[in-house]
Structures are given as structure tokens and as C-alpha cells.
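Inspection log for the structure reproduced underneath, given as C-alpha cells.
Note that these values count all heavy atoms, side chains included, but never hydrogens, waters or copies made by symmetry.
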Amino acid sequence: MRHALAQAEEAAHLGEVPVGAVVVIDAEIVGRGFNRPIGSADPTAHAEIVALRDAAQRLGNYRLSGSTLYVTVEPCTMCAGALVHARVECVVFGAPELRSGAVISTAKVLENSALNHRVEVVSGVLGAECADQLRQFFVNRR
């Protein structure tokens with residue numbers, strides 16, 4: 001999660017909402033990403049999507065079986081869906097996102113019985129630190 005927090009800091013330096021993510025397979029980081037929808041003019045450029053794309057390109061496979069995605073903030077609906085499509089084994093997130101989080105907050109997308117893949121969920125890892133990073137970003141912007 002510390003690596004994800006570092007990615008989030010990169011986003012903050014660029015004026016993006018500080019969310020960072022890393023994809024890990026066999027204790028090795030294979031993908032990194034941070035929020036960049038503003039700078040890339042891409043509404044899908046959430047940290048999770050950027051990290052999944054990075055990992056898939058490095059590995060030459062869009063299926064990331066056996067991977068864990070660490071992200072500083074609870075994934076939204078789009079990102080939760082991408083975890084399923086990429087066959088991520090586990091998502092670990094820090095802070096809940098009470099307005100748009102789709103794993104435990106506003107919806108439980110990954111618990112949908114119609115999905116053909118199950119993603120394990122671990123929440124609250126360095127949660128206070130992840131939430132503080134986000135909160136401080138918005139305090140500084142006001």
C-alpha cells in the first residue's frame with residue numbers, strides 16, 4: 001500500500017485527485033498507476049485502470065490471474081468491473097469512498113452472483129493514511 005500511496009502523491013503533484021494503485025504478482029509490482037483523467041482528457045484514467053493497463057502491457061496479457069491490486073481509495077463501479085474482467089484475485093484498498101465506492105460503500109458490485117469471477121476484498125489497509133492524503137489534497141485546494 002505504501003507504493004500505492006506514492007503513486008497517489010504523483011497524482012497530487014499534477015493536480016489530479018490523489019488516488020494511486022499498484023498491481024502485484026508473486027510479490028513483484030507489475031503495474032503502477034495514479035489518477036490522471038484531467039491530464040489525459042480520459043474519463044476512464046482512474047488509478048486502478050491505469051495500473052491494470054500497465055500490468056497487462058508489461059505481461060502481454062489482459063488476464064492478470066493471481067494478482068492483487070492495491071489502491072488507496074475504494075474502487076468505483078467502473079474499476080470494480082475492470083477487476084473482474086482482468087481476473088484480479090484480490091483488491092486491497094485503504095479508505096472507503098462513501099459517495100462513489102462500489103465495493104462496500106454505495107454498492108457491492110463484486111458480490112453480484114451473476115459475475116463469472118470472484119475478487120477477494122480487503123479494506124482498511126493504511127486507511128487513515130489514505131484518507132488523510134485525500135483530505136489534505138482537498139483542504140489545500142480550497
Side-chain angles (χ1 to χ4, degrees), residues 1-59 62-142:
M1 187 61 77
R2 295 259 177 237
H3 293 282
L5 281 161
Q7 289 294 303
E9 191 62 35
E10 291 289 327
H13 287 308
L14 296 173
E16 303 272 4
V17 175
V19 179
V22 294
V23 177
V24 175
I25 297 177
D26 295 330
E28 179 184 342
I29 295 175
V30 296
R32 291 175 172 79
F34 55 82
N35 265 6
R36 51 174 81 168
I38 298 167
S40 65
D42 178 358
T44 70
H46 291 193
E48 300 94 322
I49 302 296
V50 174
L52 291 172
R53 287 176 180 158
D54 186 39
Q57 288 181 348
R58 285 182 192 211
L59 299 173
Y62 75 101
R63 299 287 171 114
L64 302 173
S65 300
S67 67
T68 298
L69 182 128
Y70 294 84
V71 60
T72 57
V73 178
E74 178 182 0
C76 69
T77 303
M78 173 184 68
C79 293
L83 296 172
V84 172
H85 288 292
R87 303 298 192 265
V88 169
E89 184 175 317
C90 180
V91 61
V92 177
F93 69 87
E97 172 43 70
L98 302 178
R99 286 182 233 167
S100 62
V103 176
I104 64 169
S105 294
T106 65
K108 296 181 190 295
V109 170
L110 298 176
E111 293 179 17
N112 184 329
S113 62
L115 296 175
N116 63 347
H117 176 73
R118 298 283 169 256
V119 179
E120 179 185 349
V121 176
V122 177
S123 62
V125 175
L126 298 180
E129 193 169 335
C130 292
D132 286 345
Q133 185 181 48
L134 198 59
R135 190 172 18 262
Q136 191 59 49
F137 174 78
F138 288 110
V139 165
N140 291 341
R141 287 190 63 154
R142 292 182 183 140

- Query: Is a donor on one side and an acceptor on the other found under 3.5 Å between the side chain of Thr106 and the backbone of Gly101?
  - Reply: yes

| request: Side-chain contact test, heavy atoms from C-beta onward, threshold under 4.5 Å: evaluate it for Val19 versus Val71 and give yes or no. | output: yes

Exercise for the section: Could you please spell out the steps behind the side-chain contact (heavy atoms from CB on, under 4.5 Å) verdict for Val23 and Leu52? Expected result: CA-CA 7 Å; Val23 177; Leu52 291 172; 4.1 Å; yes

Rounding to 0.5 Å, atoms CD (Glu16) and OG (Ser40) come to a distance of 7.0 Å

Asn35 side chain to Val17 main-chain N or O, any donor-acceptor pair under 3.5 Å? yes

| said: Could you walk me through whether Leu59 and Val30 satisfy the side-chain contact (heavy atoms from CB on, under 4.5 Å) test, starting with their C-alpha distance in whole Å, then the side-chain angles of each, then the deciding distance to 0.1 Å, before giving a yes or no? | reply: CA-CA 8 Å; Leu59 299 173; Val30 296; 4.2 Å; yes

Q | Worked check of side-chain contact (heavy atoms from CB on, under 4.5 Å) between Leu14 and Arg36 | A | CA-CA 8 Å; Leu14 296 173; Arg36 51 174 81 168; over 6 Å; no

Discussion item. Using the rule given for side-chain contact (heavy atoms from CB on, under 4.5 Å), can you reason through Arg58 versus Asp54, listing the C-alpha separation, both sets of side-chain angles and the distance that settles it, and then say yes or no?
Written reply: CA-CA 6 Å; Arg58 285 182 192 211; Asp54 186 39; 3.3 Å; yes

Closest non-hydrogen contact found for Arg141 with Gly15 is NH1-O, 3.5 Å

Of all heavy-atom pairs linking Lys108 and Ile104, the shortest is NZ-O, 3.6 Å

Requested in this report: Answer yes or no: does atom CG of Asp26 have more than 12 heavy-atom neighbours from other residues, nucleotides or ligands under 6.0 Å?
Outcome: no

Between Val22 and His3, the two heavy atoms sitting closest are CG1-CB, 3.9 Å

All heavy atoms of Ile25 vs all of Ser65, minimum pair found to be CD1-O, 4.3 Å

**Asked** Is a donor on one side and an acceptor on the other found under 3.5 Å between the side chain of Thr72 and the backbone of Gly20?
**Response** yes

dist Phe34:CZ -> His13:NE2 (nearest 0.5 Å) comes out at 10.0 Å

Using atom types as modelled, flag every donor-acceptor pair under 3.5 Å from a side chain in residues 76-93 to any protein atom, sequence neighbours excluded.
unit_1, atom_1, unit_2, atom_2, d
Arg87, NH1, Val84, O, 3.0

In terms of heavy-atom contacts, Ala95 and Gly127 come closest through CB-O, 4.0 Å

dist Tyr70:OH -> Ile29:CD1 (nearest 0.5 Å) comes out at 9.5 Å

In short, salt bridge (charged side-chain N to carboxylate O under 4.0 Å, His left out) pairs touching residues 114-130 with sequence neighbours left out are Arg2-Glu129

Do the side chains of Arg53 and Asp42 get close enough for a salt bridge, i.e. N-O under 4.0 angstrom? yes

Will you find, in the side chains of Ser105 and Glu74, an N or O donor that is under 3.5 Å from an N or O acceptor?
yes

Here the gap from Leu126 atom CG to Gln133 atom CD, rounded to the nearest 0.5 Å, amounts to 10.5 Å

Correct closest heavy-atom pair for Ala51 and Gly33 would be CB-N, 3.7 Å

